[in-house]
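Have a look at the structure below before the remarks.
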Amino acid sequence: MPTTHFSLDIQKLDNFAYDMSHCIKCKGCYWVEHTYMPGVRFSTRCPSNVWNDFDAYGAFGKMRIGLAMIEGKLEWTPKLLEIIYADPLCGACDVGCKRNLDLEIGLTLEAMRVKAVQDGAGPLPVHKKIAQNIAKQHNQFGAPHEHRRKWLSADVKTAQKADLLYFVGCSASYVSPEIARAATKILNAANTPFMLMPDEWCCGNTLFSVGMLDEARALARRNIEAVKATGAKTVLLTCAEGYRMWKVDYPKLLNIATTDLGFKVVHLVEFADEALKKGSLRLSKPQGLRLAYHDSCGISRLADPWTPYAGERGWMGTVNPRLKRRRGTYGLYAQPRNILAAIPGVTFVEMPRARENSFCCGAGRGTREAFPDLASFSARQRLDEVREVGAEALLAACPWCKSNFSQAVREQGDSIKVMDIAELIAASLR
């Protein structure tokens, strides 16, 4: 049996021909595995295919589309671009498939977008506008770069030099500054010195997510060098999208392992959980809330560290050297739940779809900008779960999630309160 060479490099769609050709359309990418489900009402995991139930919008349809691309049987059209980009790339299909077939669905979907850009068909016009904003103002909203620190108040204690650097991100800097203020309050309360990047630029999450690798790679190099220049040992984020970008996609772009970055990447929930265990952070102010927690994709099933891989595939798909699959095992599932358990007065209720089976908010990876109807639809699906478990508040760990859920609540005229976990932690401090 002849062997074939391949790698997990998303710059070549051919690397995933095996994965695409071995999809058996079992729909493990669409349905939550039945042993996790108490009933059929919340049994789906794919936002794009629930939004549009034509097969092309599901991973099983896109695998066939990808093969047709490789074989030169499909030309780029507006409809094909819609199918490729109307997808939050939330990783639900990937972890679902890896329970059964261990196919690299998530990487394949990323590679399809890269090919769209390589062929001159992608990205979509709204994504090109975001790229222009980042190039001109170093943030994806096009807001004045000099306003990036407007959220910073005089009572926040920052250090000129510290082991920990807080990378605020575009969303918390411009759209949800309350999250940045809450995070700094928590760091101060834990007596943890921290610094901000002297000149923070966008992490490039959207650029990478829509297939613009050259632009994303340039930002990755610039930002990594900027961190190294500060001497920071740890980069902390409050944005799940940014966390995934720094921890997983920067290494992916630069063909290095996460461990080769030269510093540690953590999310606020990791920091707070550890600080509670050490006793440097105490949450003693009762909150009196019955709340549900949303596992943001970037810190859950998409959070496994990255290691480059190149090898050979032989008989029955066996690979050499051994390939350690990224199955969502290392997501930050316990940390936020530990934090909630430490806050007096909080009644935490788990939603039917939780942890790696969480239903995406629908906002990330360039989706909300290009397909606001899909983002709104996905958020409403999640809010149905919140009502199902009788929660009065929905908690997330990402400004993108908070913003999208908040908009959906306003559209529905709902009374559900939407909060970021940083805000809840800060409110629980004496």
Side-chain angles (χ1 to χ4, degrees), residues 29 31-33 35-38 42-47 50 88-96 98-99 106 171 179 205 237-245 247-248 265-273 291-305 326-341 343 346 348-365 367 375 378-389 391 393-406 408 416 418-425:
C29 55
W31 299 106
V32 176
E33 210 277 332
T35 57
Y36 291 98
M37 296 310 302
F42 301 108
S43 57
T44 56
R45 66 165 84 240
C46 176
V50 177
L89 297 183
C90 66
C93 57
D94 194 71
V95 296
K98 283 187 169 67
R99 281 187 58 82
S171 292
I179 294 175
N205 163 59
L237 298 103
T238 44
C239 177
E241 294 284 277
Y243 174 84
R244 189 210 72 247
M245 189 66 187
K247 181 180 177 182
V248 180
V265 179
V266 302
H267 190 276
L268 180 68
V269 297
E270 293 176 278
F271 170 85
D273 180 47
L291 59 83
Y293 173 73
H294 169 74
D295 290 280
S296 301
C297 310
I299 64 168
S300 57
R301 55 190 170 232
L302 294 175
D304 285 13
R326 299 175 64 251
R327 300 188 176 101
T329 310
Y330 297 95
L332 310 182
Y333 305 118
Q335 292 90 337
R337 290 166 173 82
N338 292 342
I339 293 167
L340 295 180
I343 300 175
V346 164
F348 170 56
V349 286
E350 196 77 82
M351 288 186 282
R353 291 173 289 194
R355 298 179 172 82
E356 72 272 21
N357 295 314
S358 176
F359 198 83
C360 177
C361 81
R365 314 299 292 269
T367 308
S378 189
R380 292 197 304 271
Q381 294 287 310
R382 200 62 164 147
L383 291 172
D384 283 345
E385 281 185 85
V386 178
R387 285 186 286 269
E388 177 73 11
V389 298
L394 174 59
L395 197 68
C398 183
W400 289 92
C401 295
K402 181 188 176 183
S403 176
N404 202 44
F405 285 135
S406 297
I416 295 172
V418 180
M419 300 175 66
D420 188 89
I421 195 167
E423 296 176 276
L424 183 66
I425 297 171

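Quick caveat: nothing in here was measured; it's all calculated off a predicted structure. Nothing fancy with the numbering, it's 1 onward along the sequence.
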> Considering all heavy atoms of both residues, which atom of F359 and which atom of P47 are nearest to each other, and what is their separation?
Replying inline: CZ-CA, 3.6 Å
>> Let me confirm one number: the CD1-CG distance from I339 to L268, rounded to the nearest 0.5 Å.
In response: 7.0 Å
> Hey, does L291 have a side-chain heavy atom less than 4.5 Å from the side chain of L424?
Replying inline: yes
>> So, applying salt bridge (Lys or Arg N to Asp or Glu O under 4.0 Å) with D295, which one of R353, R355, R337 is it?
In response: R337
>> With rounding to the nearest 0.5 angstrom, report the SG to NE2 distance, C361 to H294.
In response: 5.0 Å
> Mind checking whether E241 and C398 have side chains closer than 4.5 Å, heavy atoms only?
Replying inline: yes
>> So, taking the atom named CE in M351 and the one named CG in L383, what distance separates them when rounded to the nearest 0.5 Å?
In response: 9.0 Å
> Under 4.5 Å between any side-chain heavy atoms of C46 and C93, yes or no?
Replying inline: no
>> Contact between R301 and D94 at the side-chain level, heavy atoms closer than 4.5 Å - yes or no?
In response: no
> Could you go step by step and tell me if E270 and Y243 meet the side chain to side chain contact (heavy atoms under 4.5 Å, CB included) rule?
Replying inline: CA-CA 11 Å; E270 293 176 278; Y243 174 84; 3.3 Å; yes
> Minimum heavy-atom separation for A303 to G331, with atom names?
Replying inline: CB-CA, 4.2 Å
> Of all heavy-atom pairs between D420 and P399, which one has the smallest distance, and what is that distance?
Replying inline: OD1-N, 4.1 Å
>> So, taking the atom named SG in C401 and the one named CE in M419, what distance separates them when rounded to the nearest 0.5 Å?
In response: 15.0 Å
>> What verdict does the side chain to side chain contact (heavy atoms under 4.5 Å, CB included) test give for R45 and N357, after you've listed the backbone C-alpha separation in whole Å, the side-chain angles of each residue and the deciding distance to 0.1 Å?
In response: CA-CA 7 Å; R45 66 165 84 240; N357 295 314; 3.1 Å; yes
> Considering all heavy atoms of both residues, which atom of A397 and which atom of I299 are nearest to each other, and what is their separation?
Replying inline: CB-CD1, 3.7 Å
> Closest heavy-atom contact between A375 and N404?
Replying inline: O-ND2, 3.1 Å
> Under a 4.5 Å cut-off applied to non-hydrogen side-chain atoms, are S403 and S171 in contact?
Replying inline: no
> Is any side-chain heavy atom of H267 less than 4.5 Å from a side-chain heavy atom of Q335?
Replying inline: no
>> Quick one, N205 with R365, criterion side chain to side chain contact (heavy atoms under 4.5 Å, CB included). Give me CA distance, side-chain angles, the key distance, then yes/no.
In response: CA-CA 7 Å; N205 163 59; R365 314 299 292 269; 4.0 Å; yes
> Rounded to the nearest 0.5 Å, how far does CG of L395 lie from OG of S296?
Replying inline: 9.0 Å
> How long is the span from the CD1 atom in I179 to the CD1 atom in I421, to the nearest 0.5 Å?
Replying inline: 11.5 Å
> What pair of heavy atoms forms the shortest contact from G91 to L302, and how long is it?
Replying inline: CA-CD2, 3.8 Å
>> For a 4.5 angstrom cut-off between non-hydrogen side-chain atoms, does F42 reach R382?
In response: no
>> Pair V248, D304 - check side chain to side chain contact (heavy atoms under 4.5 Å, CB included), show working.
In response: CA-CA 7 Å; V248 180; D304 285 13; over 6 Å; no
